[in-house]
Amino acid sequence: MSLIKSVEVTPIAFRDPPLLNVYGIHEAWALRTIIEVHTEEGVYGLGESYGDQQTISQLKQVAPHLIGMDVFHLNAIRQKIEKVVTLPDPKSGLEIAPGTLGATTVPRIFSAYEVACLDVMGKLTGRPVCDLLGGKVRDEVDYSAYLFYKYERHGFTNDSWVDKWGEALTPEGIVAQAKKMIGEYGFQSIKLKAGVFEPLEEIKALKALREVFPELPLRIDPNGGWSVEMTKKLLPEFSEGLLQYLEDPAPGKVAMGEVSAVTDIPLATNMCVIGYFDVPEAIERDAVQVILSDHHYWGGLRATQELARLCKTWNIGLSMHSNSHLGISLMAMTHAAATIENLTYACDTHYPWQEEEVIKGGKIKFNNGAVVVPDKPGLGVELDREALAALAENYKNCGIRERNDVTEMQKYQLDWQGTVPRF
């Protein structure tokens with residue numbers, strides 16, 4: 001038995017480049033929350049989650065009710081969260097961050113605490129988290145280069161922070177970005193965030209990437225920015241195996257099912273299947289052939305394993321979705337992915353876009369696009385309290401409390417709406 005003595009919930013903010021997507025543009029600061037679960041033995045575990053006010057308030061609402069509970073009793077902890085957390089409207093939250101929707105409340109809040117408790121368990125038993133999940137089936141986890149159209153710098157900030165990535169608004173700019181990112185991290189597959197420009201212009205960038213990186217698998221993700229009709233018109237452009245998969249071309253399971261019916265290209269999603277409640281209709285419509293899981297809103301690391309078993313049963317591919325995150329989330333993803341045999345595609349990660357960290361030793365290293373699964377107890381990372389304090393101060397001063405790509409883009413384009421599909 002290992003009883004929880006205290007819980008700390010710390011909102012943080014860190015620099016985010018001006019990355020473009022179908023909804024708009026990233027603000028100058030990304031928001032996250034760091035969760036610490038401390039036990040009576042003096043051991044602590046770490047979790048990381050979203051940094052919107054709804055998530056922060058829910059994490060804090062739950063925290064006092066966990067005092068005195070055993071970190072090993074995860075089922076009881078989930079039941080406690082179900083009883084005490086305030087459930088918002090199922091449709092509340094941001095569509096651009098599906099994990100913050102009301103329908104994912106309990107899985108989202110439980111996941112943050114589950115990861116922290118698993119970290120504690122690992123430290124108490126001297127075993128890495130992957131061992132607590134049944135043991136690893138691979139020694140390293142592959143991640144993908146995640147490319148964005150972007151401006152050179154944020155246009156509405158008053159500080160001197162410099163975005164090292166520079167501008168990427170053309171196929172040439174995207175290729176240059178890919179060369180820089182792959183050169184630094186060694187990624188062996190490429191994903192392009194689309195829905196920003198006319199589809200054929202974005203496909204030019206995809207084909208330019210194919211010329212420069214002929215052996216690397218390619219993906220494109222318009223975030224539901226194309227209509228069914230537009231997607232069908234574009235399908236011939238993806239001939240000769242150009243795409244490994246096509247992610248969320250059109251919005252929703254009905255639209256995805258209509259596209260799926262006329263193409264052999266696997267369709268992937270992190271938008272229209274965000275929980276087990278979405279799975280039956282998705283299977284019935286054959287709407288997706290690849291699910292991009294995300295432990296932050298699927299309900300944790302064990303729930304991700306359960307999803308993997310479901311995908312194996314129904315012959316659905318599996319990978320992992322990413323939002324702006326730091327090293328605690330990256331290590332949680334890595335431990336879970338290391339235990340899943342049918343993780344059939346390299347995982348997404350925003351990690352190269354983030355410069356700051358809250359863990360000791362700074363940023364986690366990549367080897368040929370992969371993260372080595374650590375054999376240290378727990379997640380294998382420790383909290384840098386000075387860095388945490390600095391990022392917490394950023395949160396207090398940055399003036400942002402909710403991610404909103406639409407309103408940020410309206411600073412650049414007054415009539416911007418951010419509705420989908422755009423094309």
Mutual orientation of the aromatic rings belonging to F156 and Y412 [parallel < 30°, tilted 30-60°, perpendicular > 60°] = perpendicular
Rounded to the nearest 0.5 Å, how far apart are CD1 of I328 and CZ of R32?
-> 9.5 Å
To the nearest 0.5 angstrom, please state how far the OG1 atom of T304 sits from the CG atom of D294.
-> 8.0 Å
Taking the side chain as every heavy atom from C-beta outward, state whether I35 and V115 have any pair of such atoms under 4.5 Å apart.
-> no
Just checking, any donor-acceptor pair under 3.5 angstrom between side chains of T39 and E41?
-> yes
Do any side-chain atoms of residues 305-318 form donor-acceptor pairs under 3.5 angstrom with protein atoms, and if so which ones, sequence neighbours left out?
residue : atom : partner : partner atom : Å
Q305    : NE2  : L133    : O            : 2.8
Q305    : NE2  : T339    : OG1          : 2.9
T313    : OG1  : R309    : O            : 3.0

Is N323 close to Y50 at the side-chain level, that is, under 4.5 Å between some pair of heavy atoms?
-> yes
side-chain hydrogen bond (donor to acceptor under 3.5 Å, both in side chains) pairs touching residues 151-162, sequence neighbours excluded, are R15-D159
Do any N or O atoms from the side chain of E281 and from the backbone of K253 form a donor-acceptor pair under 3.5 angstrom?
-> no
Salt bridge (charged side-chain N to carboxylate O under 4.0 Å, His left out) filter on E247, not counting sequence neighbours, yields K191
Give a yes-or-no answer on whether the side chains of H325 and T349 include a donor-acceptor pair shorter than 3.5 Å.
-> yes
Should the ring pair Y351 and F366 be called parallel, tilted or perpendicular, given that the plane angle runs from 0 to 90° and is split at 30 and 60?
-> tilted
Under the salt bridge (charged side-chain N to carboxylate O under 4.0 Å, His left out) rule, collect the residues that match up with R302, sequence neighbours excluded.
-> E114
Answer whether the closest heavy-atom distance between the side chains of R78 and V106 falls below 4.5 Å.
-> yes
Is a side-chain donor-acceptor pair under 3.5 Å present for S322 with H350?
-> yes
Do you know the tightest heavy-atom contact between E357 and G327?
-> OE2-N, 2.6 Å
Within-4.5 Å side-chain heavy-atom neighbours: D52 and R403 | no
Which atom names give the shortest non-hydrogen contact between A336 and L301, and what distance separates them?
-> CB-CD2, 3.9 Å
Can you name the residues that form a ring pair (Phe, Tyr, Trp, His ring centres under 6.0 Å) with W226, not counting sequence neighbours?
-> none
Give every donor-acceptor pair under 3.5 Å between a side-chain atom in residues 64-77 and any protein atom, sequence neighbours left out.
residue : atom : partner : partner atom : Å
D70     : OD1  : S2      : N            : 3.2
D70     : OD1  : F72     : N            : 3.0

Are there more than 12 heavy atoms of other residues, nucleotides or ligands under 6.0 Å from atom NZ of K180?
-> yes
Whether over 12 other heavy atoms sit under 6.0 Å from E341 CD | no
For K83, the salt bridge (charged side-chain N to carboxylate O under 4.0 Å, His left out) test, sequence neighbours excluded, returns none
d(L330 CG, K363 NZ) to nearest 0.5 Å is 9.0 Å
How would you list all residue pairs meeting ring pair (Phe, Tyr, Trp, His ring centres under 6.0 Å) that involve residues 99-124, not counting sequence neighbours?
-> none
Would you call K123 and E382 a salt bridge, taking side-chain N to carboxylate O under 4.0 Å as the test?
-> yes
Residues that E408 engages under side-chain hydrogen bond (donor to acceptor under 3.5 Å, both in side chains), provided they are two or more places apart | K411
Interatomic distance, NE2@H26 vs CH2@W353, rounded to 0.5 Å, equals 9.5 Å
Between atom CG of L19 and atom CD1 of I25, what is the distance when rounded to the nearest 0.5 Å?
-> 8.0 Å
For E36, what residues pass the salt bridge (charged side-chain N to carboxylate O under 4.0 Å, His left out) criterion, not counting sequence neighbours?
-> R385
Least distance between heavy atoms, L59 atom then S49 atom = CD1-CB, 4.4 Å
Nearest non-hydrogen partners of I174 and Y149, listed with the distance | CG1-CE2, 3.6 Å
Does Y44 offer a backbone N or O that forms a donor-acceptor pair with the side chain of H38 under 3.5 Å?
-> no
List the atom of E402, the atom of I400, and the distance in Å for their closest heavy-atom pair.
-> O-CG2, 3.5 Å
What's the shortest heavy-atom distance between S319 and L343, and which atoms?
-> CA-CD1, 3.9 Å
Report yes or no: does D119 contribute a side-chain atom to a donor-acceptor pair with the main-chain N or O of L379 at less than 3.5 Å?
-> yes
E27 (side chain) donor-acceptor with N404 (main chain) under 3.5 angstrom = yes
Kindly assign one of parallel, tilted or perpendicular to the pair Y276 and W298, based on the angle between their ring planes and the thresholds 30° and 60°.
-> perpendicular
Would you please test H295 and S329 for side chain to side chain donor-acceptor pair (under 3.5 Å) and show each step?
-> CA-CA 9 Å; H295 74 270; S329 281; 4.9 Å; no
With distance as the sole test, does D142 use its side chain to make a donor-acceptor pair with the main-chain N or O of A346 at under 3.5 Å?
-> no
Salt-bridged, E184 to K164, with N to O below 4.0 Å?
-> yes
Rounded to the nearest 0.5 Å, the CD1 atom of I220 sits from the CG atom of D248 at a distance of 12.5 Å
A337 backbone acceptor or donor facing R138 side chain under 3.5 Å = yes
Is D221 salt-bridged to K193, going by a charged N under 4.0 Å from an acidic O?
-> yes
Taking E356 for the side chain and Q354 for the main chain, is one N or O donor matched with an acceptor at less than 3.5 Å?
-> no
Pairs of donor and acceptor atoms involving the side chains of residues 204-213, under 3.5 Å and at least two apart or interchain, shall be tabulated with distances.
residue : atom : partner : partner atom : Å
K207    : NZ   : E237    : OE1          : 2.8
R210    : NH1  : F213    : O            : 3.0
R210    : NH1  : P214    : O            : 3.4
R210    : NH1  : L216    : O            : 2.9
R210    : NH2  : L216    : O            : 3.4
R210    : NH2  : L242    : O            : 3.3

Side-chain donor-acceptor contact under 3.5 Å, T334 with Y143 | yes
Q58 side chain vs I109 backbone, donor-acceptor pair below 3.5 Å = no
Which residue pairs satisfy the ring pair (Phe, Tyr, Trp, His ring centres under 6.0 Å) criterion with at least one member in residues 368-406, sequence neighbours excluded?
-> none
